Amino acid sequence: MSNPILKVENLHVNFNTYAGTVKAIRDVSFDLNEGETLAIVGESGSGKSVTTKTLMGLNAKNASIPDNSRLLFKDKNLLALTEEEWQHVRGNEIAMIFQDPMTSLDPTMKIGHQIAEPLVKHRGISEKEALARALELMKGVGIPDAEEHINDYPHQWSGGMRQRAVIAIALAADPEILIADEPTTALDVTIQAQILNLMKKLQKESNSSIIFITHDLGVVAGMADRVAVMYAGKIVEYGTVDEIFFNPQHPYTWGLLNSMPTTDTEEGSLQAIPGTPPDLLEPPLGDAFAPRNVYALAIDSREEPPFFKVSDTHYAATWLLDERAPKVTPPKQILTRWAHWQELQGQEA
Amino acid sequence: MAANTEDFVIVGAKSSDANEHIAKPALSFWQDAWRRLKLNKLAVVSMWFLIFILGFAIVSNIFVTQNDANSFDSDNVGKYKNLPPKSGLPIPGWNGKIKEPGATESTDPYANSNVKKNYLFGTDTIGRSLGKRVIVGLRISLLVAISATLIDLLIGVSYGVFSGWKGGTIDVVMQRIIEIMSSVPNLIVVTMIGLLLGSGVTSIIIAIALTGWLSMARQVRNMTLSLKERDYVLAAKSLGESSTKIAIKHLIPNMAGTIIVQIMMTVPNAIMFEAVLSAINLGVKPPTASLGSLISDAQSMLQFYPYQILIPSAVLVLISLAFILLGDGLRDAFDPRASED
Amino acid sequence: MTEETPKKLVELKDLQLYFNKGKSNEVRAIDHVSFDIYEGEVFGLVGESGSGKTTIGRTILKLYEPTDGTITFDGKDVTKLKGKQLSEFRKNSQMIFQDPQASLNGRMKVRDIIAEGIDVNHLAKSNDERNNRVQELLDLVGLNKDHSSRYPHEFSGGQRQRIGIARALAVDPKFIIADEPISALDVSIQAQVVNLMKELQKKHSLTYLFIAHDLSMVKYISDRIGVMHWGKLLEIGTADAVYNHPLHPYTKSLLSAIPVPDPEVESNRQHIDYDSSIETDGKERTMLEVNPGHFVLATEEEAAAYKLEQQ
């Protein structure tokens with residue numbers, strides 16, 4: 001097992017609003033290992049974006065983080081940094097790729113300069129050297145005829161090309177952690193495929209760690225080494241990508257997997273999760289997913305489930321894994337996935 | 001854990017009532033804006049100040065008439081003229097004492113001329129109560145402000161919405177008209193109207209009517225251009241809603257913030273415009289007082305009787321400042337960027 | 001679709017919509033597009049941004065004026081509708097929008113948003129009747145009673161989209177154009193909305209034009225699919241045919257790009273790049289029927305080649 005480069009421990013984030021305190025992150029802990037891609041999956045409002053903003057020190061003014069929360073990056077607690085120290089970390093050691101390439105580039109600045117900027121700032125090299133490096137980066141992210149386009153402005157480029165430029169900026173200072181917040185949601189599927197391939201290729205070359213935030217399990221399947229599923233400000237299940245896709249244990253993960261039609265989804269068999277995610281102004285008592293869970297147990301509405309161990313790498317927070325719980329039969333599609341898991345296990349043994 | 005077997009019984013998902021519950025209190029757009037406005041203390045103070053001033057100006061009609069403020073006792077001009085403000089309290093500068101021109105010591109003109117009445121804000125050069133004259137001037141300023149607002153709303157908003165909604169050639173022509181009108185200096189317009197109708201409040205209001213709504217119309221037209229492409233407007237169209245209804249139900253409520261902020265800019269401009277016109281004798285006709293004419297009348301005596309110019313100036317500045325501060329607060333309150341928290 | 005010929009509800013014939021026609025910056029948003037939508041079916045229209053799919057939807061609803069070509073709805077030429085016939089058409093065809101945030105007027109209560117169509121068409125005689133109708137519609141889309149007095153910004157994306165659906169259903173339409181109704185929603189909520197739309201289609205015997213860029217969802221909900229690119233319709237056929245036996249290289253490329261929630265499939269997935277020269281080489285191409293009911297925009301030779309490929 002490789003060493004964790006980032007350890008998140010007992011993270012809580014609250015937002016103080018006029019209507020009360022929104023408990024956006026409620027006790028999240030995870031590790032990020034060197035060179036791996038960790039996908040954080042969840043719906044809007046699950047806290048996945050707040051998690052990344054916290055990792056970048058970019059939370060809104062009304063956010064409050066209790067003292068026992070810790071973000072350990074190479075044994076340094078990021079939450080204790082001053083704004084000045086943050087500026088050294090941000091873009092240098094931890095970089096971010098934003099969702100919308102239309103708004104994350106400065107429209108009044110030449111793209112080459114935007115890529116060179118973090119280099120001048122963090123590496124202290126000259127403008128000329130930085131521009132030369134920017135050109136290399138542009139070639140690296142697959143921008144054709146980079147020499148001709150280094151002096152272009154963002155509006156001259158298509159969405160996919162712009163996202164490539166955003167990636168080049170993020171990679172400029174050779175960050176150890178790359179946070180990608182829904183980097184392909186705003187793009188067309190064919191462009192999405194290209195960008196994802198590019199990210200995979202670049203990660204292989206640089207061996208950086210990626211935290212990949214998305215709501216699309218299809219993207220996760222192709223990108224991630226490990227997956228954490230978030231719901232209502234908590235991680236409800238985490239494990240390796242195979243474990244999550246072929247041996248899911250949490251009913252919410254079942255629901256997510258079932259919500260995506262595949263080639264052989266028969267008419268009328270697409271199973272949606274009923275209802276709407278809970279309002280984190282008043283998070284429900286016990287298991288937050290219980291009100292929408294067809295497999296909910298009586299205890300769910302009273303007591304929060306702890307993490308149950310499925311394997312060394314796989315944990316799920318659901319009472320269904322308690323030995324006293326009745327055996328439930330998951331939906332058909334999940335059973336098919338479980339069957340495949342058995343096959344895989346059989347092959348290994 | 002005191003869990004027993006009943007705890008591990010499948011109960012299933014809750015009803016949609018529980019699932020779709022929204023915890024935040026229901027808050028309309030206006031309530032939300034009011035909540036944010038309240039965070040800006042200066043704006044709230046300004047708002048109450050303006051409400052108070054407006055109420056005071058309306059009520060003052062009962063006890064201070066125009067005649068009251070204009071008439072003076074021609075036999076006793078010497079006795080009543082240039083009396084300094086007297087509060088009846090020993091506050092320096094507000095105790096009825098003043099250094100007469102040429103004198104070295106402060107004297108009490110009230111005692112010297114045997115005046116029994118206390119003039120809270122003093123009197124002017126012919127013995128009229130400055131307080132009463134300021135109240136009348138205030139009324140005129142507010143009248144101008146209200147007319148400017150109404151004109152902005154009636155002409156500016158409807159012109160802008162119509163121009164933006166129709167688009168095409170109509171829009172081009174209507175925008176050119178605005179440009180031509182705004183290229184004519186206001187002063188020329190006022191002078192022309194003054195020549196036609198004679199100077200006075202009416203011609204000031206007409207002058208404002210002719211020019212004051214232009215920037216509102218421009219703003220509203222720009223907003224309309226962007227709002228009319230919104231999905232909810234398309235939805236209303238596809239439901240068969242008429243253009244007038246779309247304007248009233250969808251366009252105007254969604255630019256309410258812009259409109260209100262624009263009014264808050266127009267109002268102090270209009271008040272200042274009136275003051276300037278009155279000061280250069282293009283505004284109200286004497287003996288009617290307006291804040292501008294009071295200031296210009298007192299100018300010559302500035303060195304000797306500074307209170308005569310300070311009091312109307314202070315009122316003018318306070319009102320304009322209150323409008324500007326309130327406008328600032330309203331802009332923040334309506335700013336959609338701040339609406340996330 | 002093979003039993004007694006079903007009735008054509010919407011017919012597009014050689015539809016064209018050019019912006020800045022004849023100028024150097026001419027944009028062919030819709031470029032000679034023809035297709036039919038049969039009563040009771042779900043017709044899926046797929047394409048990437050800028051393909052003209054949204055423009056087609058809006059043109060059918062008379063929100064844009066076509067440059068040339070005809071749109072027939074229920075046997076009547078839509079472009080020539082006026083007065084009473086127009087308001088009848090407005091009642092019969094409705095739209096569900098992409099961005100549930102932008103499609104609801106933030107200054108109006110949910111009750112008034114949903115009742116807008118009822119008010120316009122005077123469908124309720126009294127206030128009570130209006131409220132009851134709104135209540136029914138909220139029930140239908142799975143929302144609560146107390147939601148009717150709230151404002152759109154208090155709802156989540158999925159809830160807002162359901163409000164949009166309720167608004168469209170308020171006038172009892174026959175035909176609904178759903179313009180990317182799920183692309184702004186989370187995956188788990190997408191399934192919810194799609195299932196709701198399916199259910200409503202059965203209950204109210206609706207016809208849908210379902211516009212999307214997500215082929216997997218379109219395949220799931222649609223009976224037939226049309227694929228668009230750069231204003232042209234490239235391929236049209238039953239959902240199964242287009243999805244499992246695509247003809248046009250663009251369709252193939254599009255299909256190869258869809259991520260599948262299966263790590264094994266994903267690790268072996270090869271994205272097929274699309275060579276767009278097949279659309280820009282200037283050759284005359286028409287819609288040719290390669291298999292029964294499965295058309296592709298091609299020259300005779302290309303069509304023959306596609307047919308061969310299939311075997």
Side-chain angles (χ1 to χ4, degrees), chain A residues 41-46 158-159 184-194 196-197 214-225 227 231 240-242 244-246 252 255-263 265-277 279 292 333 337 340 344, chain C residues 46-51 142-143 154-159 162 183-196 198-199 202 213-221 223 229 239-240 243-244 250 253-274:
Chain A
V41 187
E43 301 172 79
S44 39
S46 64
S158 68
T184 57
T185 310
L187 304 173
D188 282 323
V189 266
T190 52
I191 310 295
Q192 164 172 291
Q194 292 166 9
L196 293 177
N197 280 339
T214 180
H215 71 269
D216 189 338
L217 281 170
V219 173
V220 173
M223 288 296 293
D225 300 311
V227 182
Y231 185 77
T240 65
V241 69
D242 283 346
I244 295 297
F245 280 91
F246 295 129
Y252 179 63
L256 280 184
L257 286 166
N258 269 337
S259 307
M260 289 194 76
T262 51
T263 345
T265 309
E266 293 296 311
E267 195 178 319
S269 64
L270 190 67
Q271 283 174 337
I273 308 172
T276 301
D279 198 327
R292 301 171 69 191
Q333 218 211 90
R337 287 176 184 272
H340 187 75
L344 286 176
Chain C
V46 192
E48 296 186 280
S49 45
S51 63
L143 291 171
E154 300 166 40
F155 293 84
S156 69
Q159 289 173 321
R162 285 185 273 157
S183 29
L185 304 176
D186 282 317
V187 172
S188 61
I189 303 297
Q190 289 184 355
Q192 220 179 58
V193 170
V194 165
N195 279 348
L196 173 67
K198 273 246 161 193
E199 192 193 308
K202 282 203 195 97
H213 66 255
D214 176 355
L215 253 172
S216 52
M217 226 17 134
V218 172
K219 194 250 164 185
Y220 174 72
I221 193 171
D223 300 306
H229 189 229
D240 282 321
Y243 200 84
N244 296 323
Y250 178 73
S253 163
L254 207 56
L255 280 168
S256 76
I258 306 171
V260 185
D262 183 324
E264 286 187 349
V265 177
E266 277 295 303
S267 61
N268 297 323
R269 186 161 59 88
Q270 271 303 311
H271 174 222
I272 305 166
D273 279 324
Y274 171 57

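On a predicted model such as this, the values are computed, not experimentally measured, just so you know. Naming convention: chains lettered A, B, ... in sequence-line order (proteins, then strands); numbering from 1 in each chain.
- Residues L185(C) and H215(A) come closest through the heavy atom pair O-NE2, 3.7 Å.
- In terms of modelled atom types and a separation under 3.5 Å, the side chain of D188(A) and the main chain of S49(C) share a donor-acceptor contact.
- The parts of E43(A) that come within reach of chain C are both its backbone and its side chain, each placing non-hydrogen atoms under 4.5 angstrom from that chain.
- No option in Q190(C), K198(C), M217(C) other than M217(C) meets the side-chain contact (heavy atoms from CB on, under 4.5 Å) test with L270(A).
- In terms of heavy atoms, S259(A) sits closest to A191(C) at O-CB, 3.5 Å.
- Both the backbone and the side chain of V189(A) have a heavy atom closer than 4.5 Å to some heavy atom of chain C.
- Annotation: salt bridge (Lys or Arg N to Asp or Glu O under 4.0 Å) contacts involving residues 255-270 of chain C, sequence neighbours excluded, comprise E266(C)-R269(C).
- Scanning both residues, P259(C) and G218(A), for their nearest heavy atoms gives CB-C, 3.4 Å.
- M260(A) has its side chain out of reach of S216(C): every pair of non-hydrogen atoms, C-beta onward, lies at least 4.5 Å apart.
- Heavy atoms only, all atoms of each residue included: F245(A) and P261(C) are closest at CD2-O, 3.3 Å.
- Contact annotation for Q159(C): only side-chain heavy atoms (C-beta onward) come within less than 4.5 Å of a heavy atom of chain A.
- The distance from the OG atom of S188(C) to the CG atom of N258(A) is 11.5 Å, given to the nearest 0.5 Å.
- Separation of atoms CD (E48(C)) and CD (Q192(A)) is listed at 10.5 Å; rounding is to 0.5 Å.
- Closest of all the heavy-atom pairs between T190(A) and S253(C) is CG2-OG, 3.9 Å.
- Shown here are the salt bridge (Lys or Arg N to Asp or Glu O under 4.0 Å) partners of D273(C), two or more places apart in sequence or in another chain: there are none.
- Looking only at heavy-atom pairs under 4.5 Å with chain C, the residue among G159(A), A193(A), A224(A), A221(A) that has the most is A221(A).
- Contacts of I272(C) with chain A are absent, with no heavy-atom separation under 4.5 Å from either backbone or side chain.
- In this structure, OG in S267(C) is found 13.5 Å from CE in M223(A), a value given to the nearest 0.5 Å.
- When side chains are defined from C-beta on, R162(C) counts as touching T276(A), because their heavy atoms get closer than 4.5 Å.
- Proximity of a side-chain donor or acceptor of Q192(C) to a complementary backbone N or O of G275(A) within less than 3.5 Å is detected.
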